[in-house]
2 protein chains.
Amino acid sequence: MNIVSLLKEKGFRVTKPRLEIIKVLSNYPLSAEEIHDALDKKNIRVDLASVYRSLELFVKMSVVYSIELGEGKKRYELVNKNYHHHHLICNKCGTIEDVEMNEINFDKKINEKSKFLIDHHHLEFFGLCQDCQ
Amino acid sequence: MNIVSLLKEKGFRVTKPRLEIIKVLSNYPLSAEEIHDALDKKNIRVDLASVYRSLELFVKMSVVYSIELGEGKKRYELVNKNYHHHHLICNKCGTIEDVEMNEINFDKKINEKSKFLIDHHHLEFFGLCQDCQ
DNA sequence: AGTATTATTGCAAATTAGTTGCAATATGTC
DNA sequence: GACATATTGCAACTAATTTGCAATAATACT
């Protein structure tokens, strides 16, 4: 479902900042500042505080999720149920690549062996990208 | 190998703050502030800035590693090669539990299918602990 | 053991990421 | 189009972490 209907459905307003923020998001994890800069380059002025507030709303709506890659800040990606991936983070240049690992159902595994009920997980790999090796 | 020899070996000084910080660390991930507070309770006064500097050194020495659990701050644990574990983080109460999953060698798997050379990975599970379900 | 050298610490100030209060503005409703 | 109120921009604030620098403490040297 698209963001306009989702917002309307839940009684939130469809505003320009929200629509523009969604447009710059993708499968690549961006920080709030990077999102803000991306909008700036498109000559769209949205306050950084509003970026944070929109992201917070999108996370609550499960349209966006956040990850932390050891940099001391959050990064945001669009939720995409058909593209289950993890990240490869280069320790040297910081490049972030994706890996798909559909074959392992961690969550089920954990739920079988523990009383903890898994909602989701984050799996991040740190090492050296091809160029930095 | 113990921290005293490791420090000496690399030409770092064996100081009281460093030794005391190592003593409060364990397999449980603590934030810098929590480490500082733990020292305080033992009547050991170490400045928070020194806690950060020691942790940074320990991470570089691979004695300690840091993880981020979506709270906007880092947590630190002792490196323990014989205890390969991941975390179960309760979305409601924030409790952190460990799970062992020795059986899957992710790193090897990734190294087989990608040009990225894995050094280590972080796997975090988010959901509800037994009490919060 | 005492002194010299210099790494490390504590303290204060600075920086970075994220949050909050509030008046101005824009969205959806009638 | 006017009304009600959710959302935004702006500025100030908080939390986590970093940095500069003088004081202190750890190691080396005698």
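In what follows, chains carry the letters A, B, and so on, assigned in the order in which the sequence lines appear, proteins first and then strands, with residues in each chain numbered from 1. Any value given below was found using the heavy atoms of this structure, including those in side chains, with hydrogens, waters and symmetry copies removed.
- Residue B:Phe12 contributes atom CZ, which lies 12 Å from atom C1' of C:dT8 at whole-angstrom precision.
- Within 4.0 Å of A:Lys74, counting heavy atoms only, lie sugar-phosphate atoms of the nucleic acid but no base atom.
- Taken from NZ in A:Lys8 to CD1 in A:Ile3, the straight-line distance is 12.0 Å, to the nearest 0.5 Å.
- The aromatic rings of A:His120 and A:His122 sit tilted, their planes meeting at an angle between 30° and 60°.
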Listed pairs under 3.5 Å, donor-acceptor, residues 124-133 of chain B side chains, sequence neighbours left out:
{"residue": "B:Glu124", "atom": "OE2", "partner": "B:His87", "partner atom": "ND1", "Å": "3.0"}
{"residue": "B:Gln133", "atom": "NE2", "partner": "A:Lys115", "partner atom": "O", "Å": "2.5"}
{"residue": "B:Gln133", "atom": "NE2", "partner": "B:Leu128", "partner atom": "O", "Å": "3.2"}

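- For the pair A:Val99/B:Phe116, no side-chain contact is recorded, criterion being any heavy-atom separation below 4.5 Å from C-beta on.
- For the side chain to side chain donor-acceptor pair (under 3.5 Å) condition, no pair includes a residue of residues 36-53 of chain B, sequence neighbours left out.
- Between the NZ atom of A:Lys8 and the C1' atom of C:dG28 there is a distance of 9 Å, rounded to whole Å.
- Reading DNA chain D from its 5' end, the first and the last nucleotide to sit under 4.0 Å from a heavy atom of chain B are D:dA16 to D:dT27.
- In the helix from C:dA1-D:dT30 to C:dC30-D:dG1, the rotation axis of the first five pairs and that of the last five pairs differ in direction by 40°, rounded to 10 degrees.
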(request) Give the intermediate values and the outcome of side-chain contact (heavy atoms from CB on, under 4.5 Å) for residues A:Val64 and A:Leu57. (result) CA-CA 9 Å; A:Val64 164; A:Leu57 177 69; over 6 Å; no

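- A:Ile96 is not connected to B:Leu117 by any chain of hydrophobic side-chain contacts under 4.5 Å among Ile, Leu, Val, Met, Phe, Trp and Tyr, and they are in different clusters.
- Counting only residues at least two apart or in different chains, salt bridge (charged side-chain N to carboxylate O under 4.0 Å, His left out) contacts with residues 59-74 of chain A comprise A:Glu71-A:Arg75.
- In this structure, the separation between CG on A:Asn80 and NE2 on A:His85 is 8.0 Å, given to the nearest 0.5 Å.
- Contacts between residues 16-52 of chain A and DNA chain C, defined by a heavy-atom separation under 4.0 Å, are made by A:Glu33, A:Ala49, A:Tyr52.
- Taking the side chain as every heavy atom from C-beta outward, A:Leu25 and A:Val63 never approach each other to under 4.5 Å.
- Regarding A:Glu68, its CD atom lies at a distance of 13 Å from the P atom of C:dA17, rounded to whole Å.
- Rounded to whole Å, the distance from NZ on A:Lys60 to C1' on C:dT19 is 12 Å.
- The distance from atom CD of B:Glu71 to atom P of C:dT19 is 13 Å, rounded to the nearest whole Å.
- Put simply, the side chain of B:Thr15 does not reach to within 4.5 Å of the side chain of B:Leu7, judged on heavy atoms.
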